[in-house]
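Report on one structure; see the data block that follows.
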There are 2 protein chains.
Amino acid sequence: LAFSKLTSLLVPWVDFISNHVHKHGNFLSGEDSFSFCAHTKTTTNCSLDRSSLPSRVARRYCNDQNIAVVPQGGNTGLVGGSIPVQDEVVMSLARMQEIVGLDEVSGIFTVQAGCILETANLWLNDRGFMMPYDLGAKGSCTVGGNVATNAGGLQLVRYGSLRSKVVGLEVVLADGTVLDLQSHVRKDNTGYDLKQLFIGSEGSLGVITSVILEVPIKPKVKNVMLLGVETYDAAQQVLAKARREFCGEIVSACEYWDRTCLERVMHVFPTLRDPLTRPCPFYLLIETAGSNADHDYAKLETLMEYAFGEEGDGIGVIDGILAQDEAQGQTLWAIREGIPVALKDGGGCMYKYDISLPIHALDKTVQVRHEWRCG
Amino acid sequence: LAFSKLTSLLVPWVDFISNHVHKHGNFLSGEDSFSFCAHTKTTTNCSLDRSSLPSRVARRYCNDQNIAVVPQGGNTGLVGGSIPVQDEVVMSLARMQEIVGLDEVSGIFTVQAGCILETANLWLNDRGFMMPYDLGAKGSCTVGGNVATNAGGLQLVRYGSLRSKVVGLEVVLADGTVLDLQSHVRKDNTGYDLKQLFIGSEGSLGVITSVILEVPIKPKVKNVMLLGVETYDAAQQVLAKARREFCGEIVSACEYWDRTCLERVMHVFPTLRDPLTRPCPFYLLIETAGSNADHDYAKLETLMEYAFGEEGDGIGVIDGILAQDEAQGQTLWAIREGIPVALKDGGGCMYKYDISLPIHALDKTVQVRHEWRCG
């Protein structure tokens, strides 16, 4: 379908819709506020018409006319689910961004699909809650897109997958049918759970227009710790020990990188320095989140004692630091967050650690990819 | 289909299969170890042939012969999913009970569907882990049945739904096809997640033969606390406060009942006494699980101080107790666990609290049902 043909098909439709737009008060109707734009494969930016039009009619019209539709949230995904592969219509959810409400007893949060992750999170923070996942792209990715791609994120180890937090969805199918899969009950185990099909489907089965999530309580205290170790195995062992013995209930994130990453980060971001006194082959970052500052700090101190005692020495812990305040914690996180950019910009080669593999296979994979990409 | 007709249909099949049984070393093949029995609607007990036969062939044969099949795990469900509604074949998973293995770094646990929940849990306990849910029927219900019914259980508040812990399944479809939906990765977000369809489908879409779960670390310390309060609202408020302020990361279960329940329990189980010094209209049980005894106890003490301070007084906390040892904790749990039996045996009326509703609607529902059943 040529671009000129596509736009000519859309012109009568835009005219038609403009005359039939209904503004519904009820956010749940799925009828409201799609912004809409035509698109070709020659550009990845939305353009043209951004008028607000009903999604059902849009979907039905495109279906009848055999026009391909690709839904787009923040357009930050790396696997290409939001990128049109031919001349097709990009359906942007950017205008469906209403935060609908929060049940503060049960922690059930309702939001339209186009709401930016960070916006949702800040809104929840003000009420003592938080989004159950965090991504580097939080400033531009949308909640609906996160659900459509089943985004993982930095805190999966504590709060589980995003999938497990979705209690309800509203979805518009290709023919314009609105599926109301909205539950407000955390423990709903009646019948087939059809909404699961749309989570992670990258928009291929339907466009998610509204999301109901179970959101956790915002922890009062956060701590960040960085350990330098001899081997990948040592990092695994320390983490297993931490989760089993010392602070299992408060671990909220763990990240791992190697010396090459740190060196590239320091090269590209000169303000970031090696936080440890000695260079180490591998690094393990552990973040904790809890309700009592004294308790959390005491737990991490016992972990430090283990790591720098005989046992830790035996498995290969070299050095470490427990951030003394929020700023120092943020500096440690800045290293992790700088890695993708640093590897791309600084070294001329790009490999990402954002991959899902059995833990025992991860290090070997990184080595092989490193050799392959960087020679 | 008459029972005599059914058994006559099965006779040649049993003969056929007996001559073609292959014992596979690989548990994952789904070919092995179904025990199998014919069944009529006049009895709910399995009977007749219990020989071990391949499941695929069984499913395919019944499908070809138009014989209905109902899979059965521990047969403990209350909604009737495991009960045949006509003359049909009951496929028991009781012999597929092998515990296959545990990855102690990632907490990924593989088990055949017929394994008893308690057996799996005790096996994991020996290795420092636990099943992510607990049910009253744990001594007879099976892991496969739990997944097929998406069982909720007592610890949903801490560990989430069973659905969220399933990382892989093996399923045999009606025509004998084996679906290998087995992932061993906690964070697998590739493509459609088809296994979700079978979770909670009560066996209607396929028979679950093998389950891969993400299992949590067994906590080192448990505490149980019981509060007596004036109103259902007060119970909600205390729980919300506990989760937000004092001990959110360690709350592992919360249960709620009213005075009528307690009185019936004491009537039916004379060894159980009122644990509080004054009768209260409503009761709230909070269980915590953590890694540090001193920290957990201190957190619960601050909760107690709140509950018996000015604020708690204002919302209607009357009395309370923090179990001083495991035995006392078990006595508090015994009250909760005795409620279903006590209401049925002691009072001549049966209403169960095992229902899923928005929290604000629960109390009203219980009242209405109480009036309706007990007049």
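Everything quoted here is computed from the prediction, not taken from an experiment. Lettering of chains follows the sequences in order, A, B, ..., and the numbering in each one begins at 1.
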(message) Using a strict threshold of under 4.0 Å (side-chain N to carboxylate O), is an ion pair present between B:R244 and A:E104?
(response)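 Judged by the 4.0 Å cut-off on N to carboxylate O distance, A:E104 and B:R244 do form a salt bridge.
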Which region of [X], side chain (C-beta onward) or backbone (N, CA, C, O), has a non-hydrogen atom less than 4.5 Å from a non-hydrogen atom of chain B, or is it both or neither?
X      : result
A:F198 : neither
A:R163 : side chain
A:E245 : both
A:L162 : neither
A:I250 : side chain
A:K299 : both
A:S201 : both

(message) Is any side-chain heavy atom of A:D193 closer than 4.5 Å to one of B:Q196?
(response)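 They are not in contact (no side-chain heavy atoms under 4.5 Å apart), so the answer is no.
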(request) Report yes if the side chains of B:L197 and A:L194 come closer than 4.5 Å at any heavy-atom pair, otherwise no. (result)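 Yes, at least one pair of side-chain atoms sits under 4.5 Å.
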(request) Go through the atoms of B:S161 and report whether side chain, backbone, both or neither lie under 4.5 Å from a heavy atom of chain A. (result)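 For B:S161, no heavy atom lies under 4.5 Å from chain A.
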(request) Between chain A and each of B:L205, B:T149, B:I199, count heavy-atom pairs under 4.5 Å; write down the option with the most. (result)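 Between B:L205, B:T149, B:I199, the count favours B:L205.
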(message) Out of B:R158, B:K220, B:Q236, B:K218, return the one with the most heavy atom pairs under 4.5 angstrom to chain A.
(response)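 Of the candidates given, the most pairs with chain A belong to B:K220.
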(message) How long is the straight-line distance from OG of A:S164 back to CD of B:E214, given to the nearest 0.5 Å?
(response)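 Reported value, rounded in 0.5 Å steps: 8.5 Å.
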(message) Looking at every heavy atom in both B:G248 and A:S291, which two are closest together, and how far apart are they?
(response)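 Smallest interatomic distance, heavy atoms only, reads N-OG, 4.5 Å.
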(request) Looking only at non-hydrogen atoms, find the nearest pair between A:S204 and B:Y192 and report the distance. (result)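 The answer is OG-OH, 2.6 Å.
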(request) Identify which of A:A298, A:A240, A:G290 forms the greatest number of heavy-atom pairs closer than 4.5 Å to chain B. (result)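 Going by pairs under 4.5 Å, I would pick A:G290.
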(message) Heavy-atom pairs under 4.5 Å with chain B - which of A:I108, A:I217, A:D294 has more of them than the others?
(response)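 That would be A:I217.
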(request) Please confirm whether the backbone N or O of A:A289 pairs with a side-chain atom of B:E249, one donor and one acceptor, at under 3.5 Å? (result)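 Answer holds: no.
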